[in-house]
Amino acid sequence: MTKNTIDVNTFQDMLIHGGSHLANNADTVDALNVFPVPDGDTGTNMNLTMSSGVQEAKRQDAAHAGKVATSFARGLLMGARGNSGVILSQLFRGFAKQLEKKESFHSEDVAAALQAGVDAAYKAVMKPVEGTILTVAKDAAKHAMNEKDKHSDVATFFASVVDAAQASLERTPSLLPVLKEVGVVDSGGQGLVIIYEGFLAALKGEALPENAYTKPTMKDLIKAEHHKSHQGFMRTEDITYGYCTEFMVKFEEDKLKKTPFDEEQYRDALADYGDSLLVVSDEDLVKVHVHTETPGDVLSLSQKYGNLINMKIENMREQHREAIKNDAPETNASTESETKEEKPFGFVTVAMGDGIAELFTSIGADVVIQGGQTMNPSTEALVEAIAQVPSETVFVVPNNSNIMMTAKQAAELSKKAVYVIPTKTVPQGLSAIMAFMPDKTVEQNEKHMTEAIKHVKSGQLTYAVRDTSIDGKAIQKGDFMGILESDIVIVNSDKQQAIQELIKEMVKEDDELLTLLIGEDVSDEEKQKVTEFIQNEFEHVELEIHRGGQPLYPFLLAVE
Amino acid sequence: MSIEMSSTFGRIHIDTGVIATIAGGAAVECYGIVGMASKNQIKDGIAELLKKDNFTKGIVVRQGEEVHIDMYIVVSYGTKISEIAYNVQQKVRYTLNKTLGLQVDSVNIFVQGVRVTNV
């Protein structure tokens, strides 16, 4: 049945349907609420606002749709609650103003009214935030203005407006970073779409399903919280609140008499104990998720309200340690890359020793493949590592001349844009990554990083595994060899003398910084001796010492 | 004047001007606010809207044992003023806590004016 006007009865019906559809789904809207203040009351506020509006509209028994719209707008204003409620009241204030003299509405009236509502709503804000209910209303109105002459049937017309609002809602996460981070659409926008859907159902004369929306479950929210908090710490030591605590409180009446339950107060109280807090309650139950250092205190506090059920407490430090251990390239590459946030550039590097790996990670490497001299990673391992990096552009920093070919091969095999920076030593690799500047282009960075390699002198101390003769130097098994870049410059049977000679060979007058990476077999005493030697002999040089933990090479040196 | 926090590496001083700027930035994002007004109406004229770069003139941060913030705002005509004020309180408190880890004890809102626009 084609209907090209909205009469007063239909309009009242629309408002009632919009209100009840919102009431049925207010919880869903609450759950989405992360902006502007993530307190989960947007749906509740919008619902209270809307029902106040609908009440007023019902009271108006005039045979005049324009007057109903005016009463509706007044009711919204009187009952406006929360940010989204106020915005809603403004949208319909402009809407009603446009229609106040009309007895019934055509499609073009509705379009003009929606647009007038948006204009009014935008006027009342100093700095409109896009990606919110305002954006959804604006896009819907714009669509309505474009489509107003194309449909003779108002229901078909309004259906296309609802579609436009829905499409706009789905775009909100790309406009508002906080939404994207949590992976939800804007709550106020969702509320508006629900109201429009109610309007449409009334126009079509259809019944609405009671729960059209599946609410993001507590589980989804917990997942979002964990995701956020995992992003926060790279190292296990950085976790302030070690226990992920989840439980429910089943309210008991006599306990509630003594300590009445107020969700906001309860949430505030829990907030003192930790973070990543989620509290969801209804009449009989409250569900809680919190990261805390003192789960016992949280439980005791909650027990005041009733029985504790479904408790689960996990030690996140242990989990995190496990997670780091599992971070080796061969393990679950796909799930890892899914949870990591997309960024413009990423790094894959190869190193030996957990200390060096940590050093690389701390300066920005995404994946550190364990390997190096005598243990070169396969092309496949490199390709996998590149895939794991959450960026489309990846720099590979091989730190060894033997890996260069493999790296280039991996670059060809990978679907991503891969740039191999020709670093032959760990110090070169460190300088290269340090030279990276996130605000520069890929080409500029490739140049900078390759340039940086030239400014660092790399030295390595290792020992001979058999008798040999290189460059006319006779070397016996067990001798220590000091290598500068790729030449053996020092051979000495005493480790301490060998390193001292190598340092003398390397550090020149205009050098400023000496970085020493200590291998796994170096005793504290040896380290002490080298440190003292450097401090006494080279006063002008700044010394930086890191525990590299690398095997086979007691010392790695970088001089800049 | 500044507030002080200590960490394991040393102390952090945050000037009250910083607090005022953050509070102001949060407030103007709130729906229904058309601007900040000077706290000194008699000196600066009646409810004159402050320009963006000096809107912190309309914000006073008082700090003793506790932190109190007074904000002088102008709201849009035809909105529910009490709700807007409440939204500003919430948002300012939340934003300061999020960005500075600062617990604000009160955010007092002074509505200095209403701007009427033709709808």
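Being a predicted model, the structure only gives us computed values, none of them experimental. Chain A is the first sequence line, chain B the second, and so forth, proteins listed ahead of strands; every chain is numbered from 1.
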Q.
Treating Gln90(A) as the side-chain partner and Gly78(B) as the backbone partner, does any N or O pair qualify as donor plus acceptor under 3.5 Å?
A. yes
Q) Who wins among Ala80(A), Pro128(A), Gly79(A) for the most heavy-atom pairs under 4.5 Å with chain B? A) Ala80(A)
Q.
So, taking the atom named OG1 in Thr132(A) and the one named CD in Glu29(B), what distance separates them when rounded to the nearest 0.5 Å?
A. 10.0 Å
**Q.** Distance-minimising heavy-atom pair for Ala124(A) and Thr79(B)
**A.** CB-CG2, 4.3 Å
(Q) Applying side-chain contact (heavy atoms from CB on, under 4.5 Å), can you list everything that pairs with Ala113(A), at least two apart in sequence or on another chain? (A) Phe95(A), Gln98(A), Leu99(A)
Q | Choice from Asn45(A), Leu77(A), Val129(A), Leu76(A) maximising heavy atom contacts with chain B below 4.5 Å | A | Leu77(A)
Q: Sort Asp119(A) into side chain, backbone, both or neither according to what part of it lies under 4.5 angstrom from a heavy atom of chain B.
A: neither
Q. Heavy-atom distance under 4.5 Å to chain B: side chain of Val86(A), backbone, both or neither?
A. both
(Q) Checking Tyr31(B) now: which residues fulfil ring pair (Phe, Tyr, Trp, His ring centres under 6.0 Å) with it, not counting sequence neighbours? (A) none
**Q.** Most chain B-contacting option - heavy-atom pairs closer than 4.5 Å, from Ala121(A), Gly85(A), Ser84(A), Ser89(A)
**A.** Ala121(A)
Q: Check for a donor-acceptor pair, side chain of Asn83(A) on one end and backbone N or O of Asn87(B) on the other, with a separation under 3.5 Å.
A: no
Q. Quick one: what part of Leu134(A) sits under 4.5 Å from any heavy atom of chain B, side chain, backbone, both or neither?
A. side chain
**Q.** Smallest separation among heavy atoms of Lys80(B) and Met78(A), with atom names
**A.** NZ-O, 2.8 Å
